Chemist: 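Attaching a single structure in structure tokens format; questions to follow.
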Amino acid sequence: MTRRADGGLALTGTSVGPDHDHTLMAWLANFNARWHEIAHHYNERTRRMFRYSLAICAGAFRARHLQLWQAVFSRGRPGRYDAPR
């Protein structure tokens, strides 16, 4: 999705929801692998709630019940976003 907005800016929208499932599952794997490093700051209830939140959100993205869009305004070419690096 691309369209021209006020001021000559191009608005480009990209759905990143289908990929967010994988991102959340990677966060969950990293959280589980590194829990021992932060466990002394939190209790077991917090650990279970955080794991549940990541897993339930990943499932909702996988089932397409949640969507996530990235909107970018740029002065470049319509339909293309050149990220400054």
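Everything numeric here is computed off the predicted structure, so don't read it as measured data. Computed from heavy atoms alone, side chains included, the values below leave out hydrogens, waters and symmetry copies.
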Chemist: Kindly work out whether a path of hydrophobic side-chain contacts (I/L/V/M/F/W/Y, heavy atoms less than 4.5 Å apart) joins Phe61 to Phe31.
Modeler: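 Yes; tracing contacts between hydrophobic side chains, which count when under 4.5 Å, links both residues.
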
Chemist: Verify the neighbour count for atom NE2 of His65: are there more than 12 heavy atoms of other residues, nucleotides or ligands below 6.0 Å?
Modeler: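 Open.
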
Chemist: What are the two closest non-hydrogen atoms of His40 and Glu37, and how far apart are they?
Modeler: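 That closest heavy-atom pairing would be CE1-O, 3.3 Å.
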
Chemist: Work out which heavy atom in Leu66 is nearest to a heavy atom in Cys57; give both atom names and the distance.
Modeler: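 Heavy atoms only, the tightest pair is CD1-O, 4.3 Å.
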
Chemist: Can you name the closest pair of heavy atoms from Tyr42 and Thr46 and give their distance?
Modeler: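 Where Tyr42 meets Thr46 most closely, the heavy atoms are CD2-CG2, 3.9 Å.
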
Chemist: Assigning hydrophobic clusters by single linkage (Ile, Leu, Val, Met, Phe, Trp, Tyr; side-chain heavy-atom cutoff under 4.5 Å), is Leu24 placed with Met49?
Modeler: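 Leu24 and Met49: separate clusters.
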
Chemist: Rounded at 0.5 Å granularity, tell me how far CD in Glu44 sits from CZ in Arg47.
Modeler: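 Output value for this atom pair is 5.0 Å.
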
Chemist: Grouping I, L, V, M, F, W and Y whenever their side-chain heavy atoms are under 4.5 Å apart, do Phe50 and Tyr52 come out in a common cluster?
Modeler: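 Different clusters: Phe50 never reaches Tyr52 through Ile, Leu, Val, Met, Phe, Trp or Tyr contacts under 4.5 Å.
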
Chemist: Search all heavy atoms of Asn43 against all heavy atoms of Trp35 and return the closest pair with its distance.
Modeler: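 Heavy atoms of Asn43 and Trp35 come nearest at O-CH2, 4.0 Å.
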
